[in-house]
Amino acid sequence: MELAELSIKEIREKIEKLDEVPKDFLEWMKADPRKGVQDLVRQVEAAVARREKLAAMWTEMTQYERAMRDKGHVHVFGIDEVGRGPLAGPVVASAVCLPVDFYLPGLNDSKKVLAATREAFYEVIMRDALAVGIGIVDAARIDAINILEATKEAMHLAIENAGLAPDVCLLDAVRLSGLACEQLPIIGGDAKSVSIAAASIVAKVTRDSMMTEYASQYPEYGFDKNAGYGTAEHLAAIQRYGPTPIHRMTFTGVKAQA
């Protein structure tokens with residue numbers, strides 16, 4: 001059957017069944033004068049361009065992993081944390097070791113990924129990763145030792161809880177003491193390494209879920225919306241109701257308002 005004999009709906013349905021549109025089919029579409037077909041051509045070309053961009057981004061973001069494997073390291077861990085800045089809630093760290101053939105185009109720093117996409121990525125990472133560890137340090141401990149030390153403690157816990165010994169750890173701009181393996185701090189690492197980005201996603205989804213649960217215990221503070229950060233509404237709630245047991249008393253905003 002000639003392409004011209006197909007309706008625009010039939011062409012669209014045919015495209016939707018294909019993982020990738022063959023070049024000859026795309027050329028036939030380009031030769032079709034119908035506006036609807038030309039609209040489909042632009043959609044296909046945009047999708048191809050996006051796929052190529054994501055593939056190039058993936059290649060760039062696996063440079064550290066490839067370099068470490070070239071050095072003989074097998075278990076390359078990415079380590080990242082979420083929750084250093086909020087006025088309430090824990091700091092959560094994650095340690096993730098991805099398999100060599102792992103491919104998740106669009107994986108990036110959790111702050112740059114939409115919530116629904118983060119959730120989808122989280123499921124893939126938890127399913128396919130060689131190891132995932134999570135470390136959680138609560139507000140009381142943060143107040144006791146300060147947020148930087150609490151962050152490092154959460155990272156150590158995440159590595160310990162992964163159930164697999166790392167050969168090397170890639171970290172987002174943090175250096176840990178007492179590690180039994182090589183480590184490489186990378187400034188802005190969650191946007192430069194897929195392993196750190198994966199850890200960022202896991203930590204973010206884990207902490208957001210915790211803050212949503214806290215929201216049911218302390219509904220006045222809107223933790224499901226602000227994740228414990230110092231929004232105007234959150235500060236107003238502290239002013240009105242005082243801090244909760246999950247607030248960090250040493251943080252600016254809580255101490256002043258308590």
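Here, residue 1 is the first one in the sequence, and each next residue gets the next number.
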Query raised in the report: Between I125 and L107, is a side-chain contact (heavy atoms from CB on, under 4.5 Å) present by the stated rule, with each step listed?
Result: CA-CA 10 Å; I125 294 164; L107 180 60; 4.2 Å; yes
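- Here the CG-NZ distance, from L40 to K14, works out to 13.5 Å after rounding to the nearest 0.5 Å.
- Side-chain atoms of R12 do not come within 3.5 Å of backbone N or O of G36 as any donor-acceptor pair.
- Between D167 and C181 there is no side-chain heavy-atom pair separated by less than 4.5 Å.
- Using a 4.5 Å heavy-atom threshold, the side chains of I196 and L171 count as separate.
- Two different hydrophobic clusters hold I159 and V194 under the rule that ILVMFWY side chains link at heavy-atom gaps under 4.5 Å.
- With hydrogens and angles disregarded, no donor-acceptor distance shorter than 3.5 Å links the side chain of R84 to the backbone of V91.
- In this structure the side chain of L179 reaches within 4.5 angstrom of the side chain of C169, judged on heavy atoms.
- Looking only at side-chain heavy atoms (C-beta outward), M211 and V92 stay at 4.5 Å or farther from each other.
- Distance check: D208 CG to K225 NZ gives 13.0 Å after rounding to the nearest 0.5 Å.
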**Report entry** Worked check of side-chain contact (heavy atoms from CB on, under 4.5 Å) between I186 and K192
**Finding:** CA-CA 8 Å; I186 304 168; K192 296 178 180 177; 4.0 Å; yes
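- Residue I136 is grouped with residue Y218 when hydrophobic side chains (ILVMFWY) are merged at heavy-atom distances under 4.5 angstrom, including chains of intermediate members.
- In this structure, I79 CD1 and S94 OG are separated by 7.5 Å, a value rounded to the nearest 0.5 Å.
- When the side-chain hydrogen bond (donor to acceptor under 3.5 Å, both in side chains) test is applied to N146, no partner is found at least two apart in sequence or on another chain.
- Interatomic distance, D101 CG to D128 CG, rounded to the nearest 0.5 Å: 8.5 Å.
- Residues L164 and C97 approach most closely at CD2-SG, 4.3 Å, considering heavy atoms.
- Using a 4.5 Å heavy-atom cutoff, the side chains of M68 and L170 are in contact.
- L184 and L98 fall into different hydrophobic clusters, where Ile, Leu, Val, Met, Phe, Trp and Tyr residues are linked whenever their side-chain heavy atoms come under 4.5 Å apart, directly or through other members.
- Summarising the geometry of A162 relative to F77, their closest heavy-atom pair is CB-CE2, 3.6 Å, with the distance given to 0.1 Å.
- When all heavy atoms of V174 and Q183 are compared, the pair lying nearest together is O-OE1, 4.3 Å.
- A distance-only check finds no donor-acceptor pair linking the side chain of K30 to the backbone of Q38 [under 3.5 Å].
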Query raised in the report: So H247 and Y214, ring pair (Phe, Tyr, Trp, His ring centres under 6.0 Å) or not? Walk me through it.
Result: CA-CA 11 Å; H247 275 97; Y214 282 130; over 10 Å; no
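- The CD1 atom of I238 sits 8.0 Å away from the OG1 atom of T244 when rounded to the nearest 0.5 Å.
- At least one side-chain heavy atom of V202 sits less than 4.5 Å from a side-chain heavy atom of I134.
- Between D39 and R42 there is a salt bridge, with a side-chain nitrogen of the basic residue lying less than 4.0 Å from a carboxylate oxygen of the acidic one.
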Donor-acceptor contacts under 3.5 Å from residues 57-64 side chains, at least two apart:
{"from": "T59", "atom 1": "OG1", "to": "A55", "atom 2": "O", "distance (Å)": "3.1"}
{"from": "T62", "atom 1": "OG1", "to": "W58", "atom 2": "O", "distance (Å)": "3.0"}
{"from": "T62", "atom 1": "OG1", "to": "T59", "atom 2": "O", "distance (Å)": "3.0"}
{"from": "T62", "atom 1": "OG1", "to": "R66", "atom 2": "NE", "distance (Å)": "3.1"}
{"from": "Q63", "atom 1": "NE2", "to": "E60", "atom 2": "O", "distance (Å)": "3.1"}

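- Between K204 and E81 there is no salt bridge, since no side-chain nitrogen of the basic residue lies less than 4.0 Å from a carboxylate oxygen of the acidic one.
- No donor-acceptor distance shorter than 3.5 angstrom exists from the side chain of S193 to the backbone of G189, with no hydrogens or angles considered.
- The two residues A199 and V96 make their nearest non-hydrogen contact at CA-CG2, 3.7 Å.
- Here E182 pairs with K71 under the salt bridge (charged side-chain N to carboxylate O under 4.0 Å, His left out) rule; sequence neighbours left out.
- Two residues are said to be in side-chain contact when any heavy atoms from C-beta on lie closer than 4.5 Å; F121 and L104 meet this criterion.
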Report task. For the pair I11 and R34, evaluate side-chain contact (heavy atoms from CB on, under 4.5 Å) and give the outcome as yes or no after the intermediate values. Result -> CA-CA 12 Å; I11 296 173; R34 289 175 290 178; 3.7 Å; yes
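- In this structure, the side chains of M210 and F223 stay at 4.5 Å or more apart for every pair of heavy atoms.
- At distances below 3.5 Å, at least one donor-acceptor pair connects side-chain atoms of N226 with backbone N or O atoms of Y221.
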Requested in this report: Could you walk me through whether R69 and V74 pass the side-chain contact (heavy atoms from CB on, under 4.5 Å) test, one step at a time?
Outcome: CA-CA 6 Å; R69 291 186 180 112; V74 177; over 6 Å; no
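- When all heavy atoms are compared, the tightest approach of Y229 to G85 is CE2-C, 4.0 Å.
- Using a distance-only test at 3.5 Å, with no hydrogens or angles considered, a donor-acceptor pair links the side chain of S200 to the main chain of S110.
- Here N108 contributes atom CG and I201 contributes atom CD1; the two are 8.0 Å apart, rounded to the nearest 0.5 Å.
- More than 12 heavy atoms of other residues, nucleotides or ligands lie within 6.0 Å of CG in L18, so this atom counts as buried by the packing criterion.
- By the 4.0 Å N-to-carboxylate-O rule, K111 lies close enough to D190 to be salt-bridged with it.
- Taking all atoms of both residues into account, the shortest heavy-atom contact from K112 to A191 is NZ-CB, 3.7 Å.
- Transitive grouping of hydrophobic side chains (ILVMFWY, heavy atoms separated by less than 4.5 Å) keeps V76 and L130 in distinct clusters.
- A continuous path of hydrophobic side-chain contacts links V124 to Y122 [ILVMFWY only; heavy atoms under 4.5 Å].
- Judged by distance alone, the side chain of D138 and the main-chain N or O of R141 form a donor-acceptor pair under 3.5 Å.
- Side-chain N or O atoms of D143 include one that pairs as donor or acceptor with a backbone N or O of M249 at under 3.5 Å.
- Within the 3.5 Å criterion, the main-chain N or O of V113 finds a donor-acceptor partner in the side chain of R118.
- More than 12 heavy atoms of other shown residues, nucleotides or ligands fall within 6.0 angstrom of atom CZ in R51.
- When atom types are taken as modelled, the side chain of D224 and the backbone of A215 share no donor-acceptor pair closer than 3.5 angstrom.
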